[in-house]
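Whatever order the structure lists them in is the order used to number ligands and atoms, beginning at 1.
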Amino acid sequence: MTDPPPAVSLPAVGKPTSRYEARLKVTGRAAFPSDIPVKDPLWAFAVTSHIARGRITRIDDSKARAIPGVVEIYSYANPPKLSQPKGLAQGGYAMSTLQPLLSPVIHHDGEMIAVVVANSYESAREAAFLVETHMVAERATASLGDPGSETLALASISPRHHDRGVGDTEAALAASDVTMSEEYTTPTQHHNPLELFSTTAEWQGDHLTVHESSQSIHGARAEVARQLGIAAEQVHLVSKFLGGAFGSRCFVTPRTVLAAWIARQHDRPLKLIYTRDQGFTLTTFRAETRHRIRLGAMRNGKMTAYTHDAWELSSRYDDVAMAGTNNTVHTYAIPNIATKVHVERTDRNTPGFMRGPSEMPYMYALESAMDELACKLKIDPIELRRINDTMHSPINGARFSSRSLMRCYDEAAAAFGWSKRNPEPGSMRDGDWLIGWGCATAILPMNMMPASARVSLTRKGEALVQTASTDLGTGAYTVIRQTAAQLLGTSEQAVTVELGDSNLTPGSAAIGSRTTASACSAVKMACDRIVTRLGANFARTDLIEAAFDQLQVSTVEEYAEFAPLNGSIAALESMHNGGLVGITRGGDGDKVLMQAFGAELVEVRVNRLTREIRVPRIVGAFAAGRILNALTARSQYVGGMVWGIGSALHEATEIERRSARYTNKNIAEYLIPVNADVPHIEAIIVPEEDDEVNPMGVKGIGELSNIGTAAAIASAVYHATGKRIRDLPITLDKLL
Ligand code: MOS
């Protein structure tokens, strides 16, 4: 009889460790999916629409077919035989349900209308530009509020979301000492990961191998199989290294099955690669949003009412909503709340998830409104958050499993020197530079999904960890390796981690900052079982080999399945089929809320004469449960705040309203922060213990720090100049 082994306790903040696969990437040895060589491939190039709404009357591809090396040209005249994609709302893994090439109808600018297949990329591209398309255009609706848009209430479209509220906001606003009411808007944004969108498809008999960067291995495998009408087991999806994602590779887009279907017709491997500009219309994006917010408070700062009406853009054919009010309602102790989200159908491609999909725009609006309320109340904006801090949801009384928001503010404020702030706008100057200090809250619901892992350990101390999750480049390989090494008492170098392959047991999708919480929890369960099996001897370094000898084995292997919040067996079964059962978002909603928190404090400097805006420093403090690796966590926090600078000051996809077409579909004119725009950024890790969230005690952090930055910068710009810009991005022309 052996005693149970002593529990290995992981530190509250794990050792800073470099991403070990980074060396492979910078030396060119990490093969990205588009780099995987295949024998004698066909090359495909997409032809896209130059109108946003109307129909094709004729396609003349005779000149294109005359280009040497052209093999075939597909369009609605000879359409592929594919099932319609299944959207998220229907339990599928596609964001857009539009299958291209099936009809002459044009739904949005840049829609795929033909695919040229050739023996070389160059032939395919040259021929694509020679495909003559004749179209009749109709008046297209470009954006929110434009003529022809169709507005739907959230309740009518989405089983995932509903409008939340409590109390009587109108009565509360009427009885408030101070109220504010303003509108805020956020623009279209595109994720643009460095690696272009590409698919390599190769068949071996009835079995398909897809090399494609994906955030959701088993979900994507199931969706690809469904659209092709084959079994999931016939599809092998490989995605070991990604050149960025940010939400753009969450779901299957039509490229994947098109590449697979065409490859099969010609019995040759095929590569379909989008150009940079095609990525703007053939994948997803962050849709523009509009918000009307009213807040009420008493003189002492106690908030009384919060109303939030929001409008989000979607396509004509998919009603996609982010509905960030589902989270904002839990942020402060406000007894009366009313929210209403609307979705507007327009002639655009279907939007999707982009870093902090619902939280970023909705918290920008709420946190900007909080700053305006603080100004009206003449209360310090951090104090206003403190007065209205809460450990329970005002909506339903659900408690937070942990919430360290004010500790984040306190640590950030001390590091920043916030106490020296003069609240009067325009009061702080340095020569020709107007100085402004602003702050905002970051929140991120703790998302999780079922995940499984297989772990083995040899008598010599070599471990293998397998789970089909994805490392987006943020450190999953490294933190999984660190975790397994600590739990198994072996060195990190002795642990091999395999991810990103559908032949492995299902891992968590790398969506919504959930990989570490979900996949690492499964890894921990498997490691704990190995330690238990090896018994008491295993705890003593001098007796490890004896522990194996006692069992008469050279290797111990364990498999474990993790379902969040004690989820059901049905959730685990669904995981194997790439299903969506058992995915949790921010706790269970009724009894317990699980969220990560942060506080971001920024300084801006606005030139008195030119209105040039600089951000010399940001201090962010974040509490997100156990941190497995202080270095990769810090990198994520800093990266998120850099992204936040982009949201505040640079990023916008411009739309030509009459034609409903994007005008800056390239990374020269789609502005992002460059080194000169990125100031001193400090990320403070606030230790937090939360044993309730999952076996690892970790919360998601990937998207946390990007939320709040834009509101903090907007508030700082107001503090510097006395001018409130409520329309992102804040460009200097808006300040003139
Ligand atoms: Mo994230 S927008 O779920 O990659």
Indicate yes or no: does an N/O atom of G247 lie under 3.5 Å from an N/O atom of ligand 1?
yes

Does an N or O from P357, backbone or side chain, lie closer than 3.5 Å to an N or O of ligand 1?
no

Does any non-hydrogen side-chain atom of V698 lie less than 4.5 Å from one of L628?
yes

May I ask you to check whether H308 and H291 show a side-chain donor-acceptor distance below 3.5 Å?
yes

Does either side chain, that of S402 or that of K699, offer a donor lying less than 3.5 Å from an acceptor on the other one?
yes

Kindly confirm or rule out a cation-pi arrangement of R481 over Y20, judged by NZ or CZ under 6.0 Å from the six-membered ring centre and within 45° of its axis?
yes

Just need the protein heavy atom nearest to [atom], so name the residue and atom and give the distance.
| atom | answer |
| --- | --- |
| atom 1 (Mo) of ligand 1 | E703 OE2, 3.2 Å |
| atom 4 (O) of ligand 1 | Q215 NE2, 2.8 Å |
| atom 2 (S) of ligand 1 | R355 N, 3.2 Å |
| atom 3 (O) of ligand 1 | G512 N, 2.7 Å |

Test of understanding: with side chain to side chain donor-acceptor pair (under 3.5 Å), list the residues that count as partners of T199, not counting sequence neighbours.
E212, R255

Going by side chain to side chain donor-acceptor pair (under 3.5 Å), name the residues that satisfy it together with T331, two or more places apart in sequence or in a different chain.
none

For F246, the ligand 1 atoms with a heavy-atom partner under 4.0 Å come out as 2 (S), 4 (O)

Numbered atoms and elements of ligand 1 in range of F353, under 4.0 angstrom, heavy atoms:
2 (S)

